[in-house]
Amino acid sequence: VILNNTVPEDFVVLTSDHGASFPFFKGNCYGSSTNIPMMIRHKEIAAFQDKESVISHVDFLPTVCDFLGIKDVKFDGHSYLKTIKYKSKFDKNHVYVQLNKMMFGPNCRIRAATNKTHSYIINIDQEYCANFVDGWGWSDVIDDLEPSFFFRQPEEFVENNKLDFKQDNNKQMMKTLKNALFQTMLIYKDPQY
């Protein structure tokens, strides 16, 4: 990264994508689809692990600019420099997640608000359309599934750390995330709002 003739010495970031196309993982807006690793290394940052903060990649560029001292730049995200420098909790209680189309196949418009424990999801297109890993036997698995597997509910509210994807009954948490989702869609003029 070189901005304004400033080179951050040994600023290393390691992250990944969402992994292989297993059913209900990549190509979805579940917690299991969007929870990915990120590691940052710099001599001014002490080693620590933060499993509590909810951070999006949209927050990365503001963090780098903040690290370089670049001010007054407007971003959708927020800098989490204080979190990584001072081990404080990142002041963000949810992230907005969206999917519009798979690389191959039909539209797959999904929106979600996700926090550390739950995801509130709206499925604009109800057909299940995730791409699957070829050659790993997924075709045989899919052929044996119930027909209901292939259709999503219009809205889902699930726990992120459970892979059964059963609806959760925490009504207050659902209301909070639902409000956050629709507020974000309104702010960013999401055409699906």
Side-chain angles (χ1 to χ4, degrees), residues 13-40 48-63 75-84 88-103 107-132 149 151-193:
V13 178
L14 176 65
T15 188
S16 82
D17 77 349
H18 307 93
S21 297
F22 296 125
F24 296 103
F25 284 82
K26 189 172 190 169
N28 284 279
C29 292
Y30 297 113
S32 56
S33 312
T34 60
N35 186 8
I36 59 174
M38 177 179 280
M39 293 184 279
I40 299 173
F48 82 104
Q49 192 174 53
D50 180 5
K51 292 185 175 181
E52 300 304 315
S53 296
V54 181
I55 296 172
S56 172
H57 274 159
V58 75
D59 300 314
F60 180 66
L61 184 56
T63 303
F75 294 106
D76 289 336
H78 304 280
S79 172
Y80 50 90
L81 183 62
K82 288 179 183 171
T83 298
I84 59 178
S88 60
K89 189 170 186 291
F90 189 46
D91 188 22
K92 192 174 198 178
N93 55 19
H94 76 280
V95 295
Y96 174 69
V97 183
Q98 72 175 24
L99 179 66
N100 287 308
K101 186 168 177 58
M102 301 303 295
M103 187 179 299
N107 286 339
C108 193
R109 294 168 297 173
I110 306 171
R111 304 294 187 264
T114 300
N115 66 18
K116 179 166 173 16
T117 60
H118 290 79
S119 294
Y120 173 78
I121 303 162
I122 57 169
N123 297 298
I124 294 115
D125 300 299
Q126 273 87 55
E127 180 183 352
Y128 187 84
C129 56
N131 294 329
F132 299 108
F149 171 84
F151 296 95
R152 301 172 188 265
Q153 296 299 315
E155 71 173 12
E156 298 176 82
F157 178 64
V158 296
E159 279 190 69
N160 291 336
N161 62 350
K162 289 191 176 177
L163 297 181
D164 59 13
F165 303 101
K166 290 181 180 172
Q167 295 289 341
D168 192 282
N169 62 3
N170 185 333
K171 289 186 175 26
Q172 184 57 47
M173 177 78 73
M174 179 178 170
K175 182 179 177 184
T176 299
L177 284 176
K178 184 175 184 175
N179 289 342
L181 174 62
F182 287 110
Q183 184 66 29
T184 304
M185 291 175 74
L186 180 64
I187 289 169
Y188 290 102
K189 299 180 174 69
D190 188 319
Q192 303 307 320
Y193 181 75

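Just so you know, these numbers use all the heavy atoms, side chains as well, and skip hydrogens, waters and symmetry mates. We're numbering straight along the sequence, starting at 1.
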Just jot down the side-chain hydrogen bond (donor to acceptor under 3.5 Å, both in side chains) partners of [X], sequence neighbours excluded, or say none.
X	value
N169	none
T114	S119
D190	Y96, R111
T34	none

Could you pull out all residues at least two apart from [X] that satisfy ring pair (Phe, Tyr, Trp, His ring centres under 6.0 Å)?
X	answer
H94	none
F157	H118
Y120	none

Kindly give the heavy-atom pair with the smallest separation between [X] and [Y], and that separation in Å.
X	Y	answer
I40	V13	CG1-CG2, 4.2 Å
N115	N160	O-ND2, 2.8 Å
A112	I121	CB-CG1, 3.8 Å

For residues Q126 and P154, determine if any side-chain heavy atom of one lies less than 4.5 Å from a side-chain heavy atom of the other.
yes
**Report entry** Pairwise side-chain contact, Q192 with Q98, heavy-atom cut-off 4.5 Å (strictly under)
**Finding:**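 No. Closest side-chain heavy atoms not under 4.5 Å.
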Between the OG1 atom in T117 and the CD atom in E159, the distance rounded to the nearest 0.5 Å is 7.0 Å
Hey, could you give me the CG/CZ distance between D125 and R152, rounded to the nearest 0.5 Å?
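Going from CG on D125 over to CZ on R152, the span is 9.0 Å.
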Could you list the donor-acceptor pairs under 3.5 angstrom formed between side-chain atoms of residues 177-188 and any protein atom two or more places apart in sequence or on another chain?
from : atom 1 : to   : atom 2 : distance (Å)
N179 : ND2    : K175 : O      : 3.4
T184 : OG1    : A180 : O      : 2.8

Side chain to side chain contact (heavy atoms under 4.5 Å, CB included) test vs R109 passes for just one of N100, I122, L99, namely N100
Paired with M38, the side chain to side chain contact (heavy atoms under 4.5 Å, CB included) test is passed by just one of L14, I84, T15, namely T15
The side-chain contact (heavy atoms from CB on, under 4.5 Å) partners of V54 (sequence neighbours excluded) come to V95, K116
- Query: Which residues satisfy the side-chain contact (heavy atoms from CB on, under 4.5 Å) test with D59, sequence neighbours excluded?
  - Reply: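 For D59, the residues satisfying side-chain contact (heavy atoms from CB on, under 4.5 Å) (neighbours in sequence not counted) are I55, S56, H78, Y80, F90, K92.
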